[in-house]
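Positions are given from 1 along the sequence. Being a predicted model, the structure only gives us computed values, none of them experimental.
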Amino acid sequence: MNHEQVLRRGLTLLLLASLSLAPTTRAANLPLPAPEATSTITARDLKKHLSFLASDELGGRYTLSPSNRVAARYLASQLESYGYRGAARDGSFFQKVPLSYRNIDLANSHVSINFSGSKQRFGYADGFAVETPEDTSFNGDLVFVSYGIASPANHHDDYAGLNVKNKIVVAIDGLPESLNAVRLSVDEQVDRAALARGAAGCIKIPDAQVLVTWNEVKAYLASQQQLGLPPRRSGSGKVLPVVTAGPDLIKALAKAMGKESSDLISPARKQLKPVQIPASADVHLRVDVKEAPSAQNVAGILEGADSKLKDEYVVFSAHYDHLKTADNGEVYNGADDDGSGTVSVLEIAQAFSVGPRPKRSILIIFHTGEELGLFGSEFNTDYEPVVPLAKLVADFNIDMVGRSRPEGDTDPRDRMLTDKDSLYVIGADKLSTELNQLNELTNDETTRLRFDYTYNDERHPERFYYRSDHYNYAKHGIPVIFYFTGVHRDYHKPTDDVDKIDFEKMERIDRMIFATGWRVATLDHRLVVDKKF
């Protein structure tokens with residue numbers, strides 16, 4: 001999330017002018033919420049809610065634990081008391097999220113590369129991985145398609161002159177430098193583009209950051225049954241089967257191309273051009289799938305005041321799940337991750353119910369399964385949205401906003417933790433310049449926090465833009481802002497407790513987010529989306 005701080009405060013007025021009104025008039029006419037609404041967001045109430053949700057009695061709120069359901073009931077009861085109605089299909093506050101266990105048959109799951117009359121075999125986890133494992137079998141000649149992108153609008157076609165029908169494409173994950181500033185549609189990217197051209201499957205080359213942690217990934221995949229959402233199908237009922245290559249498989253692919261592994265991995269990868277590979281591959285994956293207990297998102301709607309605009313929704317989200325209680329009884333309370341975001345959204349939900357309502361409706365959603373792989377937000381965006389995605393105006397996602405770095409703290413594990421007046425802002429400018437400027441303008445007029453854009457770069461090694469629930473909304477073209485105060489020594493530790501939370505800072509952050517969301521919900525036009533994902 002390290003991003004050039006361009007289009008900053010000096011351009012705020014220019015943006016507003018471009019929306020057809022004089023800058024000063026436009027800014028002056030942007031309403032702030034009623035003081036009696038804002039004042040309901042208090043450090044005392046934040047602490048009250050968090051002291052329950054992050055208590056030892058709730059055991060960490062692990063996705064499939066009974067205590068997670070207790071937390072869900074608590075959140076739903078609070079929303080109901082504020083006047084929200086259930087957003088799930090059955091009218092309740094609980095959106096069922098189906099899950100399944102997957103056990104990989106390691107003996108019968110492999111990728112074989114056939115090159116120069118010899119065959120080299122790579123096992124699952126050791127040589128390759130799959131995002132959502134299911135029975136898969138495909139084979140064919142190999143074709144290197146660089147990034148596998150086909151974007152006529154950007155004069156970029158990695159398939160030009162190549163025949164990939166019934167073949168396996170080998171593609172680098174990510175974007176070339178020439179397209180770094182471009183938002184591509186899903187149809188332009190490798191999964192859909194290769195499928196549309198008849199490819200049998202895909203072997204993806206991950207970036208260097210993924211490969212650095214491959215040994216940890218391998219150990220996890222080889223030793224545990226995987227929990228996940230059911231397989232997802234495209235509108236045609238077909239998806240391109242994709243496997244992700246590990247270091248040894250990448251080495252074999254590079255050898256078949258007359259290259260080194262480093263040529264396929266950033267940063268040198270930008271120089272490679274699509275080409276036929278004089279090799280073929282067989283991919284087999286055998287998976288035993290068993291139904292797991294379902295999880296649940298908690299979702300509620302507060303109807304907007306405008307008869308027409310109430311059919312549009314401004315979303316506030318946080319994940320309320322955390323980690324399992326350890327075998328020795330240690331509780332991972334998750335006070336900051338993401339108890340802080342959960343109670344922040346709860347307080348913002350209450351504030352919207354006080355005083356005059358905004359024109360647009362408010363959708364509050366507490367996602368489950370974020371710690372396991374963004375399951376709750378993926379289900380609500382890619383499977384069965386509680387509200388059609390076309391009606392969602394923006395998502396304000398709050399994940400870990402409860403900590404401040406104390407003065408004199410020299411612990412290196414806290415080096416990226418923000419101070420009492422600072423906040424990381426991620427993703428605000430990715431899809432909507434207007435949203436970014438409204439966020440900065442509102443902060444200037446309210447709490448005057450210091451916005452830190454260190455992690456806003458999608459290529460930052462920490463990849464925070466991809467690591468919380470907002471990403472599943474952004475990939476569908478919905479503007480997002482992710483608020484975050486930084487990782488610390490207690491991240492994913494039993495020591496992430498309530499007594500370390502800076503509730504006064506949280507109050508300031510939450511009041512600012514509420515005011516920004518209020519303004520988006522009361523605009524006389526739909527938030528302008530001027531960039532592509």
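With rounding to the nearest 0.5 Å, the separation of CG in D336 from NE2 in H488 is 3.5 Å. Atom CD1 of I362 and atom OG of S353 lie 11.0 Å apart (nearest 0.5 Å). Remark: S344 OG to E507 CD distance equals 11.0 Å, nearest 0.5 Å. Note that OG1 of T446 and CE of M512 are 6.5 Å apart. Values are rounded to the nearest 0.5 Å. I478 contributes atom CD1, which lies 4.5 Å from atom CG of L392 (distance to the nearest 0.5 angstrom). Here the OG1-CD distance, from T442 to Q437, works out to 10.5 Å after rounding to the nearest 0.5 Å.
No side-chain donor-acceptor contact under 3.5 Å links R357 to the backbone of A305. Under the 3.5 Å distance criterion, the side-chain polar atoms of D414 are left unmatched by any main-chain donor or acceptor of L417. D530 places a side-chain N or O within donor-acceptor distance of the main-chain N or O of T433, the cut-off being under 3.5 Å. Between the side chain of E370 and the main chain of G376, no donor-acceptor pair closer than 3.5 Å is present. Although no hydrogens or angles enter the test, the distance criterion places no donor-acceptor pair under 3.5 Å between the side chain of S92 and the main chain of A88. Looking at R73, its side chain never comes within 3.5 Å of a backbone N or O of V70 through a donor-acceptor pair. For S422 (side chain) and D419 (main-chain N/O), no donor-acceptor pair under 3.5 Å exists by modelled atom type. The main-chain N or O of N333 is never found under 3.5 Å from a side-chain atom of D497 such that the two would form a donor-acceptor pair. Counting only distance, with no hydrogens or angles, the side chain of D452 and the backbone of Y424 share no donor-acceptor pair below 3.5 Å. Side-chain N or O atoms of T522 include none that pairs as donor or acceptor with a backbone N or O of K359 at under 3.5 Å.
Checked options R508, K505, R405; the residue passing with D421 is R508 (criterion: salt bridge (charged side-chain N to carboxylate O under 4.0 Å, His left out)). R403 pairs with exactly one of T418, T485, D490 by the side chain to side chain donor-acceptor pair (under 3.5 Å) rule, that one being D490. Here the options are I172, D207, L211, the test is side-chain contact (heavy atoms from CB on, under 4.5 Å), and the partner is I265; only L211 passes. Put simply, the residue from Y320, F366, F52 that forms a ring-ring contact (aromatic ring centres under 6.0 Å, His included) with Y74 is F52.
A pairwise comparison of heavy atoms in T381 and L389 identifies O-CD1, 3.3 Å as the closest pair. The shortest non-hydrogen separation linking V529 to G477 is CG1-O, 4.3 Å. Residue C202 comes nearest to K204 through the heavy atom pair SG-CG, 3.8 Å, listed as atom of the first residue, atom of the second, then distance. Closest approach of D338 and A318 over heavy atoms only: OD2-CB, 3.5 Å. Here the shortest heavy-atom pairing between G148 and A193 reads O-CB, 3.8 Å. Taking every heavy atom of both residues into account, A76 and F93 meet most closely at CB-CB, 3.7 Å.
Inter-residue side-chain proximity for N472 and K475 is flagged as met; some heavy-atom pair is nearer than 4.5 Å. Proximity of V386 to Y313: side-chain heavy atoms (C-beta onward) are nowhere separated by under 4.5 Å. A heavy-atom distance below 4.5 Å is found between the side chains of D429 and K531. Counting heavy atoms from C-beta outward, V480 and L431 have side chains that stay 4.5 Å or more apart. Side-chain atoms of I41 and I348, non-hydrogen and from C-beta on, do get closer than 4.5 Å to each other. N380 has its side chain within reach of Y473: a pair of non-hydrogen atoms, C-beta onward, lies under 4.5 Å apart. Between K493 and R413 there is no side-chain heavy-atom pair separated by less than 4.5 Å. A 4.5 Å side-chain heavy-atom check between S67 and Y62 finds every atom pair outside the cut-off.
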Inset, instruction - For the pair F316 and I513, evaluate side-chain contact (heavy atoms from CB on, under 4.5 Å) and give the outcome as yes or no after the intermediate values. - result: CA-CA 9 Å; F316 293 83; I513 297 172; 4.1 Å; yes
Inset, instruction - Output, in order, the C-alpha distance, side-chain angles, deciding distance and verdict of side-chain contact (heavy atoms from CB on, under 4.5 Å) for F451 and N436. - result: CA-CA 11 Å; F451 285 173; N436 186 45; over 6 Å; no
Legend entry - Working for side-chain contact (heavy atoms from CB on, under 4.5 Å), residues F484 and L423: CA-CA 6 Å; F484 174 57; L423 174 69; 5.7 Å; no
Legend entry - salt bridge (Lys or Arg N to Asp or Glu O under 4.0 Å) between E462 and R467, intermediate numbers included: CA-CA 9 Å; E462 291 290 352; R467 286 173 54 182; 3.1 Å; yes
Legend entry - side-chain contact (heavy atoms from CB on, under 4.5 Å) between L523 and L30, intermediate numbers included: CA-CA 8 Å; L523 285 173; L30 286 172; 3.9 Å; yes
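No more than 12 heavy atoms of other residues, nucleotides or ligands shown are found within 6.0 angstrom of NZ on K96. Within 6.0 Å of atom CD in E36, more than 12 heavy atoms from other residues, nucleotides or ligands are found, so the atom counts as buried in its surroundings.
Of the N and O atoms on the side chains of D321 and T368, not one donor lies less than 3.5 Å from an acceptor on the other residue. Checking N68 against S65 by side-chain atom types alone, no donor-acceptor pair falls below 3.5 Å. For the residue pair H319 and D337, a side-chain donor N or O sits within less than 3.5 Å of a side-chain acceptor on the partner. Between the side chains of S468 and N397, at least one donor N or O lies within less than 3.5 Å of an accepting N or O.
With sequence neighbours excluded, the residues that form a salt bridge (Lys or Arg N to Asp or Glu O under 4.0 Å) with K310 are E303. Partners of H156 by ring pair (Phe, Tyr, Trp, His ring centres under 6.0 Å), not counting sequence neighbours: none found.
For an aromatic pair to be called close, the ring centres must be under 6.0 Å apart, and Y465 with H470 satisfies this.
Relative ring orientation between H322 and H492 is described as perpendicular, the plane-to-plane angle rising above 60° on a 0-90° scale split at 30° and 60°. Between Y82 and Y84, the ring-plane angle classifies as perpendicular under the 30° and 60° cut-offs.
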